[in-house]
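Comments concern the structure below.
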Amino acid sequence: MKGTGALTLADGHVYPGELIGSSSVQGEVVFFTGMTGYQEVLTDPSYRGQIIVFTYPLIGQYGISEQDSESRQIQVSGVVVQTLANNGLRSDLADWLAASDIPVLTQVDTRALVHHLRNQGDQIGILTCGTSSVQEQSNLIATVSIKQPEVYPTDYEAGHIVCLDYGVKKSMIEALQERQMKVTVVPFDTPKTVIDELKPDGLLFSNGPGDPSQLDHLIPEINKLALAYPTLGICMGHQLIAKAFGCRIEKQHHGHRGANHPVRQLKTGRVFMTSQNHGYVVQADSVQNSELNVAYEHINDGSIEGLLHPTHPILTVQFHPEAHPGPLEAMVIFDQFVAGILKQEVAYAGS
Ligand SMILES: NC(=O)CC[C@H](N)C(=O)O
C-alpha cells in the first residue's frame with residue numbers, strides 16, 4: 001500500500017513523504033551515515049524498535065542477499081529514505097520490507113531531517129499513514145535475545161566462547177568461529193552457575209538494543225562473570241561491563257551510526273576506522289573513579305571507545321570490530337581476544 005505519509009518528531013517537526021506500508025510505528029529516530037550496508041543495518045538487533053534514516057540518498061540499489069543479514073529478520077520498526085531504488089519493475093528491498101510489514105517513508109528531504117536531528121538530538125518519532133494504533137516496546141533485549149542456548153561449532157576447536165546474547169550480530173559469532181572458537185550463545189539472563197557448567201575459555205558480551213539500564217538488575221552477575229573469564233564486551237556489552245566496574249552511562253545527543261568513525265588506541269596511538277551503532281556512551285568523568293582504564297577514544301568527539309581492566313583480561317569496545325557493514329581493520333580485537341585465551345602473541349594488538 002502506497003500513500004501520503006509523514007514522520008512526526010517529538011518536538012513537533014513534520015517530514016512529509018510517500019508511505020509504503022499500512023502500519024503506523026513509533027520509535028527513536030536515528031540516522032546511519034554509511035553509503036552501503038543497508039541490509040546489515042536493518043537486521044542488526046541493536047536497531048530493534050528504532051526508525052532508521054539513511055543519509056545516503058539512494059537505498060536498495062544492490063538488492064538483498066541471504067548471507068548479508070545479521071539476524072533472522074528485519075529488526076528496525078520503520079525506515080526513512082530519500083529514494084528507494086526500483087530496478088525496473090520491482091525492488092527486492094521494497095518487497096522484503098513489505099513482506100515484513102515494515103513501513104518505509106520515501107521521498108523525504110533526509111538532508112533537512114538529519115540536519116535537524118544533529119542540532120536537536122535523536123528523539124522519538126512516529127511514522128504514520130493514519131491507521132493502526134501505536135504500541136511502545138519495553139524490554140528490547142528480552143525481545144531479541146535467544147530463548148534457548150545455541151551452539152555454533154567450528155572444524156578445529158581451539159577453544160570455547162560463551163556469548164551472552166543481548167542481540168548478537170551473526171558476524172561476531174562468525175569472527176570467533178573463523179578463529180577456531182566454538183561459540184555457545186546463551187540467553188541474556190543466564191546465571192553464572194549455568195555458564196560455569198559450559199566450561200568456557202572466554203566470554204563475549206554482545207551488542208544489543210536500547211538503554212543498558214534495562215539490565216541494571218544483572219550488573220552484579222555481569223561483574224562476577226567478567227572477573228571469572230577472559231572477557232570481550234562489544235557496544236551494549238561494553239556499556240554493561242563499564243557499569244559493572246563503576247562507570248556511568250549517558251545518552252548521547254545524537255548517536256554514532258556509520259562506517260567511518262575514527263578511533264585511537266591510547267597505548268599505541270594507532271588509529272582504526274570503525275563501524276559504529278550506538279546512542280549511549282560511557283560518561284568520561286566516571287572512568288577515573290572506576291576500576292577500568294580508557295583503552296580507546298573517538299577522534300572526532302573524544303568519547304570513550306574502549307576500556308581495559310588493569311589486572312584481569314577484560315577488554316571492552318564501544319565500536320564494532322566485526323564491521324558488517326564497514327571497514328574490517330578493527331577485526332584485530334578478535335585476534336587479540338583469542339590470542340589472549342590461547343596465550344599467543346598477536347601483531348599490533350598493543351592491548
Ligand atoms: N550496538 C549496540 O550494542 C548499541 C548499544 C546501545 N543500545 C546503544 O545504543 O548505545
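Ligands are counted one by one from 1 in listed order, and the atoms in each one are counted from 1 as well. Nothing fancy with the numbering, it's 1 onward along the sequence.
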(message) Below 3.5 Å, N or O to N or O, backbone or side chain included: is there any such pair between Asp211 and ligand 1?
(response) no
(message) So does Ile314 get a backbone contact from the side chain of Thr231, meaning a donor-acceptor N/O pair under 3.5 Å?
(response) no
(request) Taking all non-hydrogen atoms of both residues into account, name the closest pair between His312 and Leu227 and its distance. (result) CD2-O, 3.5 Å
(request) For residues Phe245 and His309, determine if any side-chain heavy atom of one lies less than 4.5 Å from a side-chain heavy atom of the other. (result) yes
(message) Minimum heavy-atom separation for Lys170 and Asp68, please, with both atom names.
(response) NZ-N, 4.4 Å
(message) Using side chain to side chain contact (heavy atoms under 4.5 Å, CB included), reason through Val14 and Leu7 one step at a time and then give a plain yes or no.
(response) CA-CA 6 Å; Val14 179; Leu7 172 72; over 6 Å; no
(request) Using a strict cut-off of 4.0 Å, indicate which atoms of ligand 1 neighbour a heavy atom of Met236. (result) 2 (C), 3 (O), 5 (C), 6 (C), 7 (N)
(message) Are any of the N/O atoms on Tyr280, whether in the backbone or the side chain, positioned under 3.5 angstrom from an N/O atom of ligand 1?
(response) yes
(request) Please state whether His320 comes within less than 4.0 angstrom of ligand 1, counting heavy atoms only. (result) yes
(request) Using a 4.0 Å heavy-atom threshold (strictly under), name the region of Pro209 that reaches ligand 1: side chain, backbone, both or neither. (result) backbone
(message) Ring centres under 6.0 Å, that's the criterion: do His261 and Phe319 meet it?
(response) no
(request) Pick whichever of Cys235, Gly210, Gly279 has a heavy atom sitting closest to atom 7 (N) of ligand 1. (result) Gly210
(request) Would you mind telling me which of Tyr62, Tyr47, Phe32, Trp96 makes a ring-ring contact (aromatic ring centres under 6.0 Å, His included) with Tyr38? (result) Tyr62
(request) Decide whether the shortest distance between a heavy atom of Gln239 and an atom of ligand 1 is less than 4.0 Å. (result) yes
(request) Run the numbers for me: atoms of ligand 1, each under 4.0 Å from some heavy atom of Ser46, listed by number. (result) 1 (N), 2 (C), 3 (O)
(request) If you have a sec, work out which protein heavy atom is nearest atom 5 (C) of ligand 1 and how many Å separate them, to one decimal? (result) Gly208 O, 3.2 Å
